[in-house]
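Below is one structure, written out as structure tokens, with a few remarks after it.
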4 protein chains.
Amino acid sequence: MSAPRFKRRKEDRPAEITAAALAAFAENGYAATRVDDVARRAGVSKGLLYLYFATKEELFRAVIRSFVVPKIDALKSDIGKSEMSATAFLRGPFLEMAKSLPNSPAKILVRLMVAEGPKHPDLTAYYLENVVAPALDALRALIAKGVASGEFRPSALDTYPQLIVAPVMFSMLWSIVFDTHHKLDSNGLIESHIELLIGAISASTQGEKT
Amino acid sequence: MSAPRFKRRKEDRPAEITAAALAAFAENGYAATRVDDVARRAGVSKGLLYLYFATKEELFRAVIRSFVVPKIDALKSDIGKSEMSATAFLRGPFLEMAKSLPNSPAKILVRLMVAEGPKHPDLTAYYLENVVAPALDALRALIAKGVASGEFRPSALDTYPQLIVAPVMFSMLWSIVFDTHHKLDSNGLIESHIELLIGAISASTQGEKT
Amino acid sequence: MSAPRFKRRKEDRPAEITAAALAAFAENGYAATRVDDVARRAGVSKGLLYLYFATKEELFRAVIRSFVVPKIDALKSDIGKSEMSATAFLRGPFLEMAKSLPNSPAKILVRLMVAEGPKHPDLTAYYLENVVAPALDALRALIAKGVASGEFRPSALDTYPQLIVAPVMFSMLWSIVFDTHHKLDSNGLIESHIELLIGAISASTQGEKT
Amino acid sequence: MSAPRFKRRKEDRPAEITAAALAAFAENGYAATRVDDVARRAGVSKGLLYLYFATKEELFRAVIRSFVVPKIDALKSDIGKSEMSATAFLRGPFLEMAKSLPNSPAKILVRLMVAEGPKHPDLTAYYLENVVAPALDALRALIAKGVASGEFRPSALDTYPQLIVAPVMFSMLWSIVFDTHHKLDSNGLIESHIELLIGAISASTQGEKT
DNA sequence: TATGAATGAGATTTCATTCAT
DNA sequence: TATGAATGAAATCTCATTCAT
């Protein structure tokens, strides 16, 4: 009767639960995670969890969706608005973001998408449309801007902006699978990659005709 | 005259079973694959499967191990023996192999390792030691050879040979997750990447001093 | 109005389940009893049973333990406090208890311990320490009391109090194995035994110097 | 081709198999023993075992039956023919046999009969008729002989010859269940018991009117 | 809302038994 | 006879989901 009323009544229960689920999925993967475990982590009863998420799969989808943050849009418009040269942007804001990814929750999402994605085509579609494609578009725009400004020569990066972020994905994979045995210097890897790319497409150098 | 209830008696039943398991894992992932299903695919009873593999996990390990073929060693010695220049090797045998990977069983292995690897540190260790590390060593040797011969300038590739194969991994990931919606031209991607890299480190060009 | 699918909610479900298990074990022995069967007897689903007892073996242990009632302590102190002569105690309370054993659940326990005990050294140790040893101590004390009071002559019963209860165990064995074919008059057997023993060690007779 | 022909063709295969089965049952009990295991111990293939014993249960019966040795008949006629006094016989041949039992295969049989007997009424009937009843008859005859000769007073042993052997059974039980923790001096126990009984029924003493 | 005891379908695993060789 | 690979029925155990409270 005298227990504090406030502080118990959380209105963001769903968020707490998806956060707990993300943590659980991160440790054991989707299939090996028990709903019981998620509920316990969230400090909530199983029944309540099912009040918010009708099935385990629904919970999974919520977790995935909750991390489709609109950062991409921000990045996109950043590129457009930015006063920086394309090269400076790559070396600055982009590099910073790229380096932060391998140790962010994105790593968990990657693992989840690789493991469970094929069973959830709608989720992967959603992801492709709302995260991956916009991001690639933004990168393509960045490259185009560099070409337009005379910084870059035309190159395959226009067709394959994926090449810019491939090492970021690689770092995440490595971290997921091999970190226990041998950590990779993902910062060094990613920086080196960006420099190599810039070196390859800078207008000031005579690179190959890719 | 009727179909024999007890089928053939083979010496390579284990191989048949791991092959069936790989196929099943490819379709559903490890956790969602029923042992029943693997047995059915292999044309074998559940009981027989358990005669060869004591647990489902044991079967998983056998699948993983059975695909750690000594191809890597072959590649390694190829590089050493090859009369080709490093550049020619990259554009020839290496590129061919790199392009073949995204559609090979390797893709399935990647999915399995990402999803289940964290639960099997010994398997990932085995993999790192017997596949990944040797492959990276071979690449490093190739780059070194190119530098020694004057083809390449010293570059970050010496420290991060992973950069050479990152797009290959990227292609596999993309294929696993997004192929249903949008196929990636992995051949073009990988070729472009190799050319970009060659352009970046060729001694004949004045790129940055990464 | 229809029978509720989810039945009552009790606090002593474990006790209900161990009781059901004891009954099932009594009929079929441990190994031949299906967990399913125990659940059905307890009016409970298999799943619930596993909620309380993690494995069938755990259930077995719980059954065994649940019957290690502290009756022995009661008996022990009874002997100490009793105003009766040792002879009267043997012919009275002790005989009554001894005669009741062959038709009590103890019989089932004996069967279980004989069949499964060797695989559960910790359980047998527990049993020896908490049931058998105390009981033998109590008997030894009783005999000693009789000797001290001049009722009994010193005899082998001091060293081997087991001799007092051997026919009780024998009755249980007979009952387990042969009751279907030929019931043994265990009451007569046990009474006769006690009288023979008393006759053999009474100070008023000149028996052998065992 | 040159392998020795002889010494491989055993005509007493069944006996070898039942012996192996007894050993296996002794270690794990009937239910927990795998037919595979018995075959391996017997140095024989599973198929061959099934050629001799149609089912595992059949094998069990064979094991039980194979140990119904006709020793009892020997004992019986021994008693009849013996020139010894009943007392001397009890202290001599009988005691020797009684002491040998707790460490003989009989112990295994007891365990098997207690665990599996209730499921095999025909086996227990067979046992009762061919082993237990004759043995009790022999004991009864021995006691009667002692009474007739004036050695013993009439006593309950005439009605309950089981009392003579109860401690033997007790020793076996103890050995099965508790030997790991605390060995019982079964020789001392049994000797003491016989002496107590003789003391109780000897005509030369004034025991109670049992 | 909130709980957690209870369910039941289904997955893994075991093993007596069969049969092609 | 003799083998042991192969079967399949059945047992143990798991866990997403439900529902009385």
Side-chain angles (χ1 to χ4, degrees), chain A residues 8-11 13 31-40 43-60, chain B residues 4-11 13-14 31-39 42-59, chain C residues 4-11 13-14 31-39 42-59, chain D residues 8-11 13 31-40 43-60:
Chain A
R8 193 50 287 233
R9 248 162 237 277
K10 288 281 178 66
E11 299 311 329
R13 275 283 163 73
T33 293
R34 262 154 279 104
V35 172
D36 250 337
D37 185 21
V38 174
R40 197 162 27 246
V44 142
S45 75
K46 234 189 315 184
L48 187 57
L49 188 156
Y50 270 93
L51 208 60
Y52 291 111
F53 306 97
T55 65
K56 188 188 177 187
E57 201 183 309
E58 202 52 53
L59 173 61
F60 174 70
Chain B
R5 204 156 118 256
F6 283 56
K7 294 214 185 135
R8 53 251 158 89
R9 182 180 4 162
K10 275 256 194 78
E11 275 65 38
R13 271 287 154 78
T33 294
R34 264 146 258 101
V35 172
D36 238 348
D37 185 23
V38 174
V44 142
S45 71
K46 244 187 311 182
L48 185 60
L49 189 157
Y50 272 94
L51 197 64
Y52 292 111
F53 306 98
T55 64
K56 188 188 176 187
E57 200 184 308
E58 203 51 52
L59 174 62
Chain C
R5 205 156 116 253
F6 282 56
K7 296 219 182 129
R8 52 255 159 86
R9 178 176 13 158
K10 275 257 193 76
E11 275 65 40
R13 271 287 155 79
T33 294
R34 265 146 258 102
V35 172
D36 239 347
D37 185 24
V38 174
V44 142
S45 70
K46 237 187 317 179
L48 186 60
L49 189 157
Y50 273 95
L51 197 64
Y52 292 111
F53 306 98
T55 64
K56 187 188 175 186
E57 200 184 308
E58 204 51 52
L59 173 62
Chain D
R8 185 74 267 244
R9 250 166 231 284
K10 287 283 177 64
E11 298 313 327
R13 276 281 162 74
T33 293
R34 264 154 277 106
V35 173
D36 250 337
D37 186 21
V38 174
R40 197 162 26 247
V44 143
S45 75
K46 235 191 311 186
L48 188 58
L49 188 156
Y50 270 92
L51 207 61
Y52 290 111
F53 306 97
T55 64
K56 187 188 178 188
E57 200 183 309
E58 203 51 53
L59 173 62
F60 174 70

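The sequence lines fix the lettering, A, B, ..., with proteins before strands; numbering per chain opens at 1. Keep in mind that this is a model prediction, so the values were computed, not measured.
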Listed nucleotide nearest any side-chain atom of D:Tyr50, set E:dT7, F:dA16, E:dT17: E:dT17
Pairwise 5' ranking along DNA chain E for B:Glu57 and C:Leu49, keeping only the more 5' one: C:Leu49
Listed partners of A:Leu51 passing side-chain contact (heavy atoms from CB on, under 4.5 Å), at least two apart: A:Leu48
F:dG4 OP1/OP2 closer than 4.0 Å to side-chain N/O of D:Arg40: no
Set of residues satisfying side-chain contact (heavy atoms from CB on, under 4.5 Å) with respect to B:Thr33, sequence neighbours excluded: B:Ala24, B:Phe25, B:Asn28, B:Val38
Spacing of D:Asp37 atom CG relative to E:dT17 atom P, expressed in whole Å: 15 Å
Closest nucleotide among F:dA5, E:dA5, E:dT12 to the C:Leu48 side chain: E:dA5
5′-ward residue of the pair B:Gly47/C:Asp36 relative to DNA chain F: B:Gly47
Proximity to the side chain of B:Ser45 - top-ranked nucleotide from E:dC15, E:dG4, F:dG8: F:dG8
Those residues that, when tested against D:Phe53, pass ring pair (Phe, Tyr, Trp, His ring centres under 6.0 Å) (two or more places apart): none
Whole-Å distance separating the CZ atom of C:Phe53 from the P atom of E:dA6: 12 Å
Proximal nucleotide (of F:dG4, E:dG4, E:dT13) relative to the A:Lys46 side chain: E:dG4
Phosphate OP1/OP2 of F:dA6 contacted by B:Tyr52 side-chain N/O (<4.0 Å): yes
Strand DNA chain E in bracket notation, Watson-Crick/G-U under 3.5 Å with | for pairs to another chain: .||||||||||||||||||||
Distance test, side-chain N/O of B:Arg13 to OP1/OP2 of F:dA6, below 4.0 Å: yes
For B:Tyr50, side-chain contact (heavy atoms from CB on, under 4.5 Å) partners two or more places apart: B:Val35
Separation of E:dA11 C1' from B:Leu59 CG (nearest whole Å): 15 Å
Distance-minimising heavy-atom pair for A:Ala31 and B:Ala31: CB-CB, 3.2 Å
Residue pairs passing the salt bridge (charged side-chain N to carboxylate O under 4.0 Å, His left out) test where at least one lies in residues 45-58 of chain B, sequence neighbours excluded: B:Asp36-B:Lys46, B:Glu57-B:Arg61
First of C:Lys56 and B:Leu51 reached from the 5' end of DNA chain F, by closest nucleotide: B:Leu51
Listed nucleotide nearest any side-chain atom of C:Thr55, set F:dC13, F:dT17, F:dC15: F:dC13
